Amino acid sequence: MKQKELGEKMHVKESSIARLIDRMERDELIDRVKSKEDRRITNIRLTEKGAKYIQKLLPEGEKFNNIVSKDISEEDMDIFKKVLNKMVDNINSMNND
């Protein structure tokens, strides 16, 4: 994945994502790899250590998700996600004005 794409998916500024990636690279969780087609593009690749870390954390994330979404219907969760996405869009449009 490209560094810029990761920032967009996370709704995080490029400068913030760069610092996060710096820390993850320092901790040997990811590698930065220059694109062979376009040397201006930097791709992010998960290392073996990073993949192991994810496998360790995923069950914890699932537990947390189960706790916070307990007794919330799928319909209510869909409404919540739509409202939250709209709020993010509103914030992003403020930054573009």
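What's counted below: heavy atoms across the whole structure, side chains too, no hydrogens, waters or symmetry copies. Here the structure is a predicted model, which means the values were calculated and not measured.
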Inset, instruction - List, by chain and then residue number, the residues other than Val83 in its hydrophobic cluster (Ile/Leu/Val/Met/Phe/Trp/Tyr, side-chain heavy atoms under 4.5 Å); write none if there are no others. - result: Ile79, Met87

Legend entry - Atom pair CG/CG of Asn85 and Asp89 - distance to nearest 0.5 Å: 6.5 Å

Legend entry - Asn65 side chain to Gly61 backbone, donor-acceptor under 3.5 Å: no

Legend entry - Those residues that, when tested against Lys63, pass side chain to side chain donor-acceptor pair (under 3.5 Å) (two or more places apart): Glu60

Inset, instruction - Please answer: with hydrophobic residues joined when any side-chain heavy atoms are less than 4.5 Å apart, are Met24 and Leu58 in the same cluster? - result: yes

Legend entry - Residues which pass salt bridge (charged side-chain N to carboxylate O under 4.0 Å, His left out) with Lys52, listed by chain and number, not counting sequence neighbours: Glu48

Legend entry - From Ile21 atom CD1 to Ser16 atom OG, the distance as rounded to the nearest 0.5 Å: 11.0 Å

Inset, instruction - Would you please name every residue forming a side chain to side chain donor-acceptor pair (under 3.5 Å) with Thr47, sequence neighbours left out? - result: none

Legend entry - Listed partners of Glu75 passing side chain to side chain donor-acceptor pair (under 3.5 Å), at least two apart: none

Legend entry - Under the salt bridge (charged side-chain N to carboxylate O under 4.0 Å, His left out) test, residues paired with Asp31 that sit two or more places apart: Arg45

Legend entry - Partner set under side-chain contact (heavy atoms from CB on, under 4.5 Å) for Glu5, not counting sequence neighbours: Met1, Lys2

Legend entry - Connected hydrophobic set around Ile72, excluding itself, where side chains approach under 4.5 Å: Met77, Phe80, Leu84

Distance-only donor-acceptor pairs under 3.5 Å for side chains of residues 32-41, two or more places apart:
| from | atom 1 | to | atom 2 | distance (Å) |
| --- | --- | --- | --- | --- |
| Arg32 | NH1 | Asp22 | OD1 | 2.9 |
| Arg32 | NH1 | Glu25 | OE1 | 2.8 |
| Arg32 | NH2 | Ala18 | O | 3.4 |
| Arg32 | NH2 | Asp22 | OD1 | 2.8 |
| Lys34 | NZ | Thr42 | OG1 | 3.2 |
| Ser35 | OG | Glu37 | N | 3.2 |
| Ser35 | OG | Glu37 | OE1 | 3.2 |
| Ser35 | OG | Asp38 | N | 3.2 |
| Asp38 | OD1 | Arg40 | N | 3.0 |
| Asp38 | OD1 | Arg40 | NE | 2.9 |
| Asp38 | OD2 | Arg40 | NH2 | 2.8 |

Legend entry - Nearest-0.5 Å distance, CD1 of residue Ile44 to CG of residue Leu6: 7.0 Å

Legend entry - Contacts of type side chain to side chain donor-acceptor pair (under 3.5 Å), residue Arg23, not counting sequence neighbours: none

Legend entry - Ile17-Val88 co-clustered via ILVMFWY side chain contacts under 4.5 Å: no

Inset, instruction - Considering non-hydrogen atoms only, spot the tightest contact between Glu28 and Lys49 and give its length. - result: O-CB, 3.6 Å

